[in-house]
Student: 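Following this message is one structure expressed as structure tokens.
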Amino acid sequence: MHYSSAHKENQNENAVNNNVFKLFDNVTEEIYLTDTPTVQEMKDLFGLRAEVFCRELAWVGNPDDKTEIDDFDYTCTHIGGFVNDNAVGYLRVHPYKSSWMLNTIFADVLLDSTPVPQHSNACEVSRLLIKNDYRGSKCVEDKTLLTHLLSDLYIHCKSNKIRYVYMVVTPVTLAVLARHGLKATPLCDSKVMADGCKALAAVLDWESVTRIGPAQKIARGARSEF
């Protein structure tokens with residue numbers, strides 16, 4: 001496994017005694033995660049987004065779209081997961097100074113036009129996805145793809161002194177995150193969006209996280225996460 005970024009080597013050394021980081025022990029190069037994708041890697045990730053959000057879920061765009069891109073992408077940090085050079089997981093991080101989906105396109109319907117605070121120790125995460133073949137209990141290097149992706153998000157946030165992660169998620173995704181040790185607090189009741197999907201706003205406090213990854217009994221029995 002390889003985690004890119006200039007900050008991460010020092011962060012891993014400093015955090016070796018933290019239980020959260022024990023999942024990084026004894027790994028190989030099978031999976032590659034990065035928060036600084038190359039141009040080609042970014043193209044592959046935009047293609048994966050179209051595969052999931054335009055065709056599988058039909059939340060945005062059109063089924064024939066080859067890539068899924070929006071105006072938020074220009075100010076976000078993109079975290080991608082690759083297995084054997086194939087894009088298999090993704091999420092993006094909106095820094096506190098950038099535009100947040102929660103405070104713009106979702107503000108009226110979810111927050112009654114009351115914005116959440118965009119402080120320097122906070123960010124928003126959006127477009128979280130796992131390729132269909134890697135959902136559920138399927139593991140790469142003894143861990144689920146989602147565990148790898150969330151761990152890289154933790155490293156990114158730790159490196160940038162981010163404690164609070166805001167998000168707009170479905171109730172199912174909120175439950176999946178909780179099973180992986182990331183129990184986010186809902187900021188509103190779930191509401192039905194125009195496309196018929198239920199969604200809600202939530203915030204995660206990294207200080208409340210003691211592990212990243214599903215409990216063993218859940219991991220063995222899980223069939224589908226998203």
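All values reported here derive from a predicted model rather than from experimental measurement.
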Student: Report yes or no: does E30 contribute a side-chain atom to a donor-acceptor pair with the main-chain N or O of E141 at less than 3.5 Å?
Tutor: no

Student: If you measure from OG on S190 to NZ on K198, what distance do you get to the nearest 0.5 Å?
Tutor: 5.0 Å

Student: Just verifying a value: how many Å separate D152 CG and D35 CG, rounded to the nearest 0.5 Å?
Tutor: 6.0 Å

Student: Can you classify the ring geometry of Y166 versus W100 as parallel (below 30°), tilted (30 to 60°) or perpendicular (above 60°)?
Tutor: tilted

Student: For side chain to side chain contact (heavy atoms under 4.5 Å, CB included), just list the numbers for L177 and L150, CA-CA rounded to whole Å, side-chain angles, deciding distance to a tenth of an Å, and then say yes or no.
Tutor: CA-CA 9 Å; L177 293 175; L150 295 175; 4.0 Å; yes

Student: Between N160 and I162 (side chain of the first, backbone of the second, donor and acceptor by atom type, cut-off under 3.5 Å), is there such a pair?
Tutor: no

Student: Below 4.5 Å, heavy atoms only, C-beta onward: do L200 and L174 meet side chain to side chain?
Tutor: yes

Student: Taking L102's backbone N and O only, do any of them form a donor-acceptor pair with E124's side chain (distance below 3.5 Å, no angle check)?
Tutor: yes

Student: Is it the case that the side chain of D70 and the backbone of F72 share a donor-acceptor pair, with hydrogens and angles ignored and the cut-off at 3.5 Å?
Tutor: yes

Student: Side chain to side chain contact (heavy atoms under 4.5 Å, CB included) between T144 and Y134: does it pass, once the steps are laid out?
Tutor: CA-CA 8 Å; T144 66; Y134 290 88; over 6 Å; no

Student: Examine V93 and W206 and state if one hydrophobic cluster contains both, with Ile, Leu, Val, Met, Phe, Trp and Tyr joined whenever side-chain heavy atoms are less than 4.5 Å apart.
Tutor: yes

Student: State which residues pass salt bridge (Lys or Arg N to Asp or Glu O under 4.0 Å) with D73; sequence neighbours excluded, sorted by chain then number.
Tutor: R49, R92

Student: Answer with yes or no whether the hydrophobic clustering places V169 together with I130; edges join I, L, V, M, F, W, Y residues whose side-chain heavy atoms lie under 4.5 Å apart.
Tutor: yes

Student: To the nearest 0.5 Å, tell me how far I79 CD1 sits from L33 CG.
Tutor: 8.5 Å

Student: Evaluate the side-chain proximity of H180 to P214: yes if any heavy-atom separation is below 4.5 Å, no if none is.
Tutor: yes

Student: Any chance you could lay out the side chain to side chain contact (heavy atoms under 4.5 Å, CB included) test for L145 and K138, step after step, and finish with the verdict?
Tutor: CA-CA 8 Å; L145 205 291; K138 179 180 175 63; over 6 Å; no

Student: Tell me if the CG atom of D71 is crowded by more than 12 foreign heavy atoms within 6.0 Å.
Tutor: no

Student: Are D85 and D44 close enough that some pair of their side-chain heavy atoms sits under 4.5 Å apart?
Tutor: no

Student: Which distance, rounded to the nearest 0.5 Å, do you find between the OH of Y90 and the CE of M42?
Tutor: 4.5 Å

Student: If only atom types and distance count, is the side chain of D65 paired as donor or acceptor with the main-chain N or O of N62 below 3.5 Å?
Tutor: yes

Student: Do other residues, nucleotides or ligands put more than 12 heavy atoms under 6.0 Å from the NZ atom of K43?
Tutor: no

Student: Start with the C-alpha gap between S151 and I155, add the side-chain angles, then the distance that decides, and say whether side chain to side chain contact (heavy atoms under 4.5 Å, CB included) holds.
Tutor: CA-CA 6 Å; S151 300; I155 293 174; 5.6 Å; no

Student: In terms of relative ring orientation, are H78 and F46 parallel, tilted or perpendicular, with 30° and 60° separating the classes?
Tutor: perpendicular

Student: To the nearest 0.5 Å, what is the distance between OG1 on T67 and CG on L45?
Tutor: 11.5 Å

Student: Indicate, with yes or no, if L110 and L187 share a hydrophobic cluster defined by side-chain heavy-atom contacts under 4.5 Å among Ile, Leu, Val, Met, Phe, Trp and Tyr.
Tutor: yes

Student: Should E68 and L129 count as side-chain neighbours, where that means a heavy-atom distance under 4.5 Å?
Tutor: no

Student: Please check if the side chain of N103 supplies one atom and the backbone of V116 the other of a donor-acceptor pair under 3.5 Å.
Tutor: yes

Student: In this structure, would V125 and V209 fall into the same cluster of hydrophobic residues linked by side-chain contacts under 4.5 Å?
Tutor: yes

Student: Establish whether W59 and F106 are linked, either directly or via other cluster members, by ILVMFWY side-chain heavy-atom contacts under 4.5 Å.
Tutor: no

Student: How about H94 and S126: do any of their side-chain heavy atoms sit closer than 4.5 Å?
Tutor: yes

Student: Evaluate the criterion side-chain hydrogen bond (donor to acceptor under 3.5 Å, both in side chains) for residue pair N132 and E56; output intermediate values, then yes/no.
Tutor: CA-CA 9 Å; N132 185 56; E56 181 182 344; over 6 Å; no

Student: Tell me if the CG atom of D195 is crowded by more than 12 foreign heavy atoms within 6.0 Å.
Tutor: yes

Student: Do M101 and V168 have side chains that get closer than 4.5 Å, going by heavy atoms?
Tutor: no

